[in-house]
Amino acid sequence: MDHSYRFFAILLVLSALLFFLDERDTFSAAAGFIGRGVFSPITQTGSALTRKTSGALESVFLFRELLSDYRRLNEERDFYRGEYFRLYGVGEENEFLRSALNLENKKESELILAEVVAFNPLQPTHEITLDKGRRDGVKEGLAVIMPSRVLVGLISSVEENVSRATLITSDASRVTASIGEGGPTAIVTGSATGALRLELVPKDIELREGEIILSAGIGGDMLPNLLLGEVRRVNREESASFQEAILEPFFSRKDLRQLFIVNVNQ
Amino acid sequence: MRRFYAILIIALAVDIILLPVLDLAAWFPRLTLALIPFVFLFAPPRASYAFFAVVTVFYWLTTSLNLGIIIFSLGLTMFFIRRIIPRFFHKDAWQTMIASSFGVLIFGAFLIVLSLIFAPGSIFVSPALIVSFILSAVVAVGANKLLKR
């Protein structure tokens, strides 16, 4: 107990003494010296360390923000990429419909939009099956075209819901063609290889490579001036009565997805 | 012995590093405050007095508190931790770990009350200051538990 009293007594006296001395700013010089000489450098070092630490922490947070922004921008990019392709599709569809509308305006005809549902597996250049049939107003002999006025073939058989079209590249196909605007007529036939042949061309007609051959529109259901093919090679034999040419068709199998069946009599 | 000096230096270094940001986060626990109970409980007398002196000077220089008031408050805290608590609990008992942390609150309470009475204007009592003392006391419990091994 004596120790405690002594401790308290010393503490009280010391505290009171230092209290009054401190109140009179006795230690201000010492405090200034310790503050400047010892604490200030440590505080400044600590401050610098703190700044660096906080800078590093800020960098971490900044990095997290950057990551967050990166993810958000990626999502937005994906969204806008999707939008781009959607609009691209809409644009294609728009173009397709514009072409169809233009065609429909020029002719008094009904266009029946049809999807190609099948190719003849043995002869893909011979025949296609379309998803429109008798129920939709399709009948034999109608022309099947692409929106860009390219003649693809003619309806050869019709069922209730589907129809088959013989392509102009088929060797069974015969289409009347005109050479030049209002020029003489000839026959475009297909072949087993899918090449188009222009036959029965009078010898006095000068066929040139690159010349475009159009349909003559002869026959009840055939439209005139549909694109048939482009002249690639001309065969002119002196002994033959007519000349003939090899044509390159304006379509390939991969182009045949959506087509129009043209009902001219409507 | 060296261990206690190392603890003192680390605590001072951490507090000094945190010093510039204490204006923004005044409620931060102070490590030197939190280590007072551990040092006064377990350190040998010489190390305890060294800690006492260094902490006193440190608080005197880094605050506007009166030196006499700091010494008196810290002295009472030391008395409470070194003399009173061991009369009731064993040094290593968990009750001691918790009770000694009240020393931090006693230090804070005396510091505030005496400053308000004898040196008004030297201290600004704010909720952040009180929270800081309470958090320091909480940290002191953890420090006791961790460092006494």
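In what follows, every chain begins at residue 1, and chains take the letters A, B, ... in the order their sequences are listed.
Considering CG of B:Asn66 and CG of A:Leu18, their distance stands at 8.5 Å, rounded to 0.5 Å. Here the CZ-CZ distance, from B:Arg83 to A:Phe7, works out to 7.0 Å after rounding to the nearest 0.5 Å. Atom-to-atom distance recorded for A:Ser15:OG and B:Leu114:CG is 9.0 Å, nearest 0.5 angstrom. The structure places CG of A:Leu14 at 8.0 Å from CG of B:Leu67, a figure rounded to the nearest 0.5 Å.
Counting heavy atoms of neighbouring residues, nucleotides and ligands inside a 6.0 Å radius, atom CZ of B:Phe102 does not exceed 12 of them. Annotation for A:Arg72: atom CZ counts as buried by contact number, over 12 foreign heavy atoms lying within 6.0 Å. For A:Arg77, the CZ atom sits in a packed shell: over 12 heavy atoms of surrounding residues, nucleotides or ligands are nearer than 6.0 Å. Counting non-hydrogen atoms of neighbouring residues, nucleotides and ligands closer than 6.0 angstrom, the OH atom of B:Tyr5 exceeds 12 such neighbours. Applying the 6.0 Å contact sphere to CZ of B:Phe110 captures no more than 12 heavy atoms from other residues, nucleotides or ligands.
For A:Phe8, the part lying near chain B is the side chain, with the backbone staying farther off; criterion is any non-hydrogen pair under 4.5 Å. Both the backbone and the side chain of B:Leu76 come within less than 4.5 Å of a heavy atom in chain A. With a 4.5 angstrom heavy-atom cutoff, A:Leu17 does not touch chain B via any of its atoms. Residue B:Leu65 touches chain A through its backbone alone, counting heavy-atom pairs closer than 4.5 Å.
Applying a 4.5 Å heavy-atom cutoff, none of the residues of residues 128-135 of chain A approach chain B.
Side-chain contact between B:Phe79 and A:Leu11 is absent, with no heavy atoms from C-beta onward closer than 4.5 Å.
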